[in-house]
Asks: 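Have a look at this one before I ask anything.
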Amino acid sequence: MENRSITDVGGTPGGFGTFVMGFIMSCVGAYLLMNQVSVVGSYWSFYGANTFGITLIPLLFGVGLLFWNGRSKIGWLLLIAGPLFILAGIIANMHIYFQPTTLFNTIVMLVLLVGGLGLIARAVSHTSAKTP
C-alpha cells in the first residue's frame with residue numbers, strides 16, 4: 001500500500017477541502033430543511049377510536065407466559081412483538097407537515113443540501129486530473 005496523505009479523501013488524491021465544504025453545506029442545508037418540519041401526533045386508532053390498549057395485549061400475554069415458563073419461545077416472541085406493535089402504532093399515527101416558508105428560503109435550503117452532496121461526491125470520486 002502506498003503512502004496516503006490526510007488530504008486524500010476516499011482513497012483518491014486530494015479533495016479534502018472540497019469534502020469538508022460539501023459536508024458543511026449538506027449539514028446546514030439539512031438542518032434548515034428539518035427546522036421547517038413539524039411532527040404532530042394524533043389519536044391512536046387501531047380498528048376503532050382510542051384503542052391503544054389492544055396493542056398492549058401481545059406484550060401482556062408475553063409477560064404472563066414468561067412468568068409461567070421462562071423458557072417459553074412464544075412468550076419471548078410476544079414480549080418482543082408487543083413493543084414493536086406499540087412503536088409501529090406510534091409511528092403510523094404521526095403527521096408530518098412542512099411549515100410555510102418563502103420560495104427563496106426553500107431554494108436556499110435545497111441548494112445547500114444537494115450542492116453539498118455533489119461536492120462530497122466530487123471529492124471522493126477518482127479523477128486523474130488530481131494526480132500529483
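Here the structure is a predicted model, which means the values were calculated and not measured.
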Asks: Same cluster or not: are V114 and V28 linked, directly or through other Ile, Leu, Val, Met, Phe, Trp or Tyr residues, by side-chain heavy atoms under 4.5 angstrom apart?
Replies: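 No, because V114 and V28 fall into different hydrophobic clusters, even though each may have its own neighbours under 4.5 Å.
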Asks: How many angstroms lie between CG in L119 and CZ in F19, if you round to the nearest 0.5 Å?
Replies: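 L119 atom CG to F19 atom CZ measures 11.0 Å (nearest 0.5 Å).
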Asks: Tell me whether L78 shares a hydrophobic cluster with I80, the cluster being built from Ile, Leu, Val, Met, Phe, Trp, Tyr side chains joined at under 4.5 Å.
Replies: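 No.
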Asks: Rounded to the nearest 0.5 Å, how far does CG of L113 lie from CE of M34?
Replies: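 M34 atom CE to L113 atom CG measures 8.0 Å (nearest 0.5 Å).
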Asks: Treat each ILVMFWY residue as a node, draw an edge where side-chain heavy atoms are under 4.5 Å apart, and state whether I107 and L32 are in one component.
Replies: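 I107 and L32: separate clusters.
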Asks: For a quick test of reading the model, state the closest non-hydrogen atom pair linking G75 to L65 and the distance between them.
Replies: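 G75 and L65 have their closest heavy atoms at CA-CB, 3.8 Å.
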Asks: I'd like to check L112 versus S26 (side-chain heavy atoms, cut-off strictly below 4.5 Å). Are they in contact?
Replies: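 In short, these two side chains do not touch, never coming nearer than 4.5 Å.
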Asks: What do you reckon, is CZ of F67 surrounded by more than 12 foreign heavy atoms closer than 6.0 Å?
Replies: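 Incorrect, the count does not exceed 12.
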Asks: Give a yes or no on whether I74 atom CD1 has more than 12 heavy-atom contacts from other residues, nucleotides or ligands under 6.0 Å away.
Replies: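 Check fails, neighbour count at 12 or below.
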Asks: How long is the span from the OG1 atom in T55 to the CD1 atom in I86, to the nearest 0.5 Å?
Replies: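 Rounded to the nearest 0.5 Å, the OG1-CD1 separation comes to 5.0 Å.
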Asks: Under the side chain to side chain contact (heavy atoms under 4.5 Å, CB included) rule, what do H95 and V39 come out as? Steps first, then yes or no, please.
Replies: CA-CA 6 Å; H95 296 286; V39 179; over 6 Å; no
Asks: Starting from L77, can I reach L87 by hopping between I/L/V/M/F/W/Y residues whose side chains sit under 4.5 Å apart?
Replies: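 Not linked; separate clusters.
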Asks: Mind checking whether V37 and Q99 have side chains closer than 4.5 Å, heavy atoms only?
Replies: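 The answer is no; the side chains never approach within 4.5 Å.
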Asks: Okay, side chain of S125, backbone of R122: is any donor-acceptor separation there less than 3.5 Å?
Replies: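 Here the side-chain-to-backbone pair exists.
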Asks: Could you tell me if the side chain of S38 sits less than 4.5 Å from the side chain of I96, heavy atoms only?
Replies: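 Answer no - side chains too far apart.
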Asks: Would you check if W76 and L66 make a side-chain contact, meaning some heavy-atom pair closer than 4.5 Å?
Replies: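 Yes, at least one pair of side-chain atoms sits under 4.5 Å.
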Asks: Which value, rounded to the nearest 0.5 Å, describes the distance between F85 atom CZ and I90 atom CD1?
Replies: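 Nearest 0.5 Å value for the CZ-CD1 distance: 14.0 Å.
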Asks: Hey, does M109 have a side-chain heavy atom less than 4.5 Å from the side chain of T101?
Replies: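 Yes - at least one pair of side-chain heavy atoms lies under 4.5 Å apart.
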Asks: Do the non-hydrogen side-chain atoms of Y97 and V40 ever get within less than 4.5 Å of each other?
Replies: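 Yes; the side chains approach each other to less than 4.5 Å.
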Asks: Report whether L33 and M94 are members of the same hydrophobic cluster (ILVMFWY, side-chain heavy atoms less than 4.5 Å apart, transitive linking).
Replies: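 Yes: a chain of side-chain contacts under 4.5 Å links L33 to M94.
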Asks: So how far is it from F98 CZ to T106 OG1, rounded to the nearest 0.5 Å?
Replies: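 Here the rounded value is 4.5 Å.
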